[in-house]
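First the structure, then my questions, so here it is.
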Amino acid sequence: MLIYVQEVVGELRKLREYATMLRTKFDAGRDPAELLLDAESLAQRLNALIESLPEVSMSGNSRRHLGWLVRELKGGSPSTCRQDIEDLVESDIPGTIERIERWAKEMTYLDEELRDAVVPLIKARQFDSAIRKAFLVLTERLRSTYSLPKGTDGEGLVNIVFGQSSSHHTTMNAGQKLAQRNFMSGLYGVIRNKFSHGDHEASIAELEAALSSVNLCLKNIEDLKAVP
């Protein structure tokens with residue numbers, strides 16, 4: 001997730017630089033045809049990036065201003081769209097950067113219960129505790145979803161749900177069921193068990209890997225509710 005955010009923010013900053021250059025050309029009175037070429041390039045690149053955002057609404061009014069900018073320049077009227085390039089430079093693109101960074105900081109992409117459980121620990125830089133808490137959330141979700149007793153845990157819990165002799169998901173493709181078992185069981189064995197006793201200090205990379213993996217498991221559990 002950190003890599004995704006860094007890449008998106010980096011590209012947005014490059015596009016703001018490009019838009020700033022275009023604004024300078026506006027102010028220098030360059031020919032509308034030249035401005036149009038740059039505006040179309042900006043629109044193509046920025047619209048493609050907007051499609052990759054977690055929510056299109058994060059882009060604010062960027063698309064509206066890009067559309068008006070290109071349309072008016074095609075009509076040979078730079079004066080009627082000067083404010084649009086100004087808004088893109090000073091408001092739309094910076095606003096998008098702010099929203100994507102806030103989205104990452106607040107971890108709104110995580111399962112709500114998971115986020116509520118780990119955010120206070122992450123803010124206190126208790127990464128190993130956050131990882132343990134994440135697996136507690138996963139364990140409780142499996143137990144509650146499949147009505148299993150509190151004593152079930154780890155690989156044994158996963159086997160009850162996705163094991164070869166499991167009474168759950170009997171209509172699921174055998175290969176997919178095995179893959180779910182191996183994935184979740186592996187997470188317990190490789191990640192959860194490493195931090196289960198509190199004698200390992202987790203790195204940011206391990207924290208991100210654990211949260212992303214547990215988050216995916218929680219999503220899979222919700223998606224599989226309809227499978228008998």
Side-chain angles (χ1 to χ4, degrees), residues 1-8 52-55 100 102-228:
M1 192 57 63
L2 290 174
I3 294 174
Y4 165 76
V5 173
Q6 289 170 352
E7 289 296 315
V8 169
S52 74
L53 295 177
E55 298 175 9
I100 189 70
R102 184 169 63 247
W103 171 82
K105 182 179 180 181
E106 295 176 353
M107 298 185 174
T108 54
Y109 55 90
L110 292 180
D111 174 271
E112 185 177 359
E113 183 182 0
L114 176 62
R115 183 174 68 250
D116 290 344
V118 302
V119 165
L121 296 169
I122 292 172
K123 287 181 177 179
R125 298 192 63 80
Q126 297 175 16
F127 297 161
D128 54 339
S129 295
I131 291 174
R132 289 194 294 274
K133 195 72 170 181
F135 277 93
L136 284 175
V137 172
L138 175 58
T139 299
E140 287 302 320
R141 185 71 59 84
L142 283 167
R143 289 172 181 166
S144 62
T145 300
Y146 296 96
S147 302
L148 301 175
K150 286 188 176 182
T152 52
D153 192 16
E155 183 178 5
L157 172 59
V158 176
N159 282 334
I160 292 174
V161 179
F162 296 108
Q164 188 175 11
S165 59
S166 171
S167 60
H168 301 282
H169 301 299
T170 55
T171 62
M172 183 186 293
N173 175 279
Q176 293 178 340
K177 191 173 181 180
L178 178 62
Q180 290 285 352
R181 194 219 76 85
N182 290 346
F183 178 57
M184 289 194 191
S185 178
L187 290 179
Y188 275 99
V190 175
I191 300 180
R192 197 280 296 270
N193 290 352
K194 179 178 180 179
F195 299 100
S196 60
H197 302 297
D199 51 359
H200 290 281
E201 193 168 318
S203 66
I204 291 179
E206 288 172 318
L207 172 68
E208 183 177 11
L211 293 185
S212 297
S213 298
V214 169
N215 191 57
L216 179 58
C217 287
L218 294 172
K219 183 181 184 304
N220 287 345
I221 291 169
E222 295 304 309
D223 290 345
L224 289 170
K225 280 184 177 180
V227 180

For F127, ring-ring contact (aromatic ring centres under 6.0 Å, His included) partners two or more places apart
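Applying ring-ring contact (aromatic ring centres under 6.0 Å, His included) to F127 gives none.
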Flag the pair S165 / N159 as yes when at least one side-chain heavy-atom distance between them is below 4.5 Å, and no otherwise.
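When only atoms from C-beta onward are counted, N159 and S165 do not touch, as no gap falls below 4.5 Å.
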CG-CG distance between D223 and L216, expressed to the nearest 0.5 angstrom
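Between D223 CG and L216 CG, I get 9.0 Å after rounding to 0.5 Å.
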Could you pull out the closest heavy-atom pair between A130 and V118, with the gap in Å?
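For A130 versus V118, the nearest heavy atoms are O-CG1, 3.5 Å.
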Run the numbers on V137 and V214 for side chain to side chain contact (heavy atoms under 4.5 Å, CB included), then give the verdict.
CA-CA 9 Å; V137 172; V214 169; 5.6 Å; no
Show the numbers, then the answer: is there a side chain to side chain contact (heavy atoms under 4.5 Å, CB included) between L218 and E113?
CA-CA 10 Å; L218 294 172; E113 183 182 0; over 6 Å; no
When the ring planes of F162 and H169 are compared, do they come out parallel, tilted or perpendicular, using 30° and 60° as the limits?
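Ring orientation, 0 to 90° scale: parallel.
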Could you please spell out the steps behind the salt bridge (charged side-chain N to carboxylate O under 4.0 Å, His left out) verdict for R143 and E140?
CA-CA 5 Å; R143 289 172 181 166; E140 287 302 320; 2.7 Å; yes
Could you report the tightest heavy-atom contact between D116 and P120, atom names first, then the distance?
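In terms of heavy atoms, the two residues are closest at O-CD, 3.4 Å.
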Might you point out which heavy atoms bring A134 and L211 nearest each other, and give the distance in Å?
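Of all heavy-atom pairs spanning A134 and L211, the closest is CB-CD2, 3.9 Å.
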Please examine the side chains of W103 and P54, heavy atoms only from C-beta on, and report whether any two atoms are closer than 4.5 Å.
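Side-chain contact under 4.5 Å: yes.
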Go through L157 and Y146 one step at a time and tell me if the side chain to side chain contact (heavy atoms under 4.5 Å, CB included) criterion holds.
CA-CA 10 Å; L157 172 59; Y146 296 96; over 6 Å; no
For the backbone of L142 and the side chain of T145, can you confirm whether one donor and one acceptor N or O come within less than 3.5 Å of each other?
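No, the answer is negative, given that no donor and acceptor are paired below the 3.5 Å cut-off.
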Could you walk me through whether I221 and V161 satisfy the side chain to side chain contact (heavy atoms under 4.5 Å, CB included) test, starting with their C-alpha distance in whole Å, then the side-chain angles of each, then the deciding distance to 0.1 Å, before giving a yes or no?
CA-CA 10 Å; I221 291 169; V161 179; over 6 Å; no
Do V158 and L187 touch side chain to side chain, with heavy atoms closer than 4.5 Å?
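A side-chain contact under 4.5 Å is absent here.
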S144 (side chain) donor-acceptor with R141 (main chain) under 3.5 angstrom
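Such a contact is found between S144 side chain and R141 backbone.
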Quick one: closest heavy-atom pair of V8 and L53, and the distance?
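Between these two residues, the closest heavy atoms are CG1-CD2, 3.9 Å.
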Please, which pairs that meet salt bridge (Lys or Arg N to Asp or Glu O under 4.0 Å) have at least one residue in residues 170-187, sequence neighbours excluded?
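Only E155-R181 qualify under salt bridge (Lys or Arg N to Asp or Glu O under 4.0 Å).
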Can you measure from NZ (K194) to CG (D128) and round to the nearest 0.5 angstrom?
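One gets 11.0 Å once the value is rounded to the nearest 0.5 Å.
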Sort and list the pairs that fulfil salt bridge (Lys or Arg N to Asp or Glu O under 4.0 Å) and have at least one residue in residues 145-154, not counting sequence neighbours.
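Of all non-adjacent pairs touching residues 145-154, those that pass salt bridge (Lys or Arg N to Asp or Glu O under 4.0 Å) are D153-R192.
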What's the spacing between S213 OG and F135 CZ if we round to 0.5 Å?
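Rounded to the nearest 0.5 Å, the OG-CZ separation comes out at 7.0 Å.
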Quick check for you: to the nearest 0.5 Å, what is the distance between L207 atom CG and I122 atom CD1?
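L207 CG to I122 CD1: 4.5 Å, rounded to 0.5 Å.
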Which atom names give the shortest non-hydrogen contact between R132 and S196, and what distance separates them?
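Heavy-atom minimum between the residues: CD-O, 3.7 Å.
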So, taking the atom named CG in N215 and the one named CE in M107, what distance separates them when rounded to the nearest 0.5 Å?
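One finds 10.5 Å between CG of N215 and CE of M107.
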Output the distance between atom CD1 (I160) and atom NE2 (H168), rounded to the nearest 0.5 Å.
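Here the interatomic distance stands at 7.5 Å.
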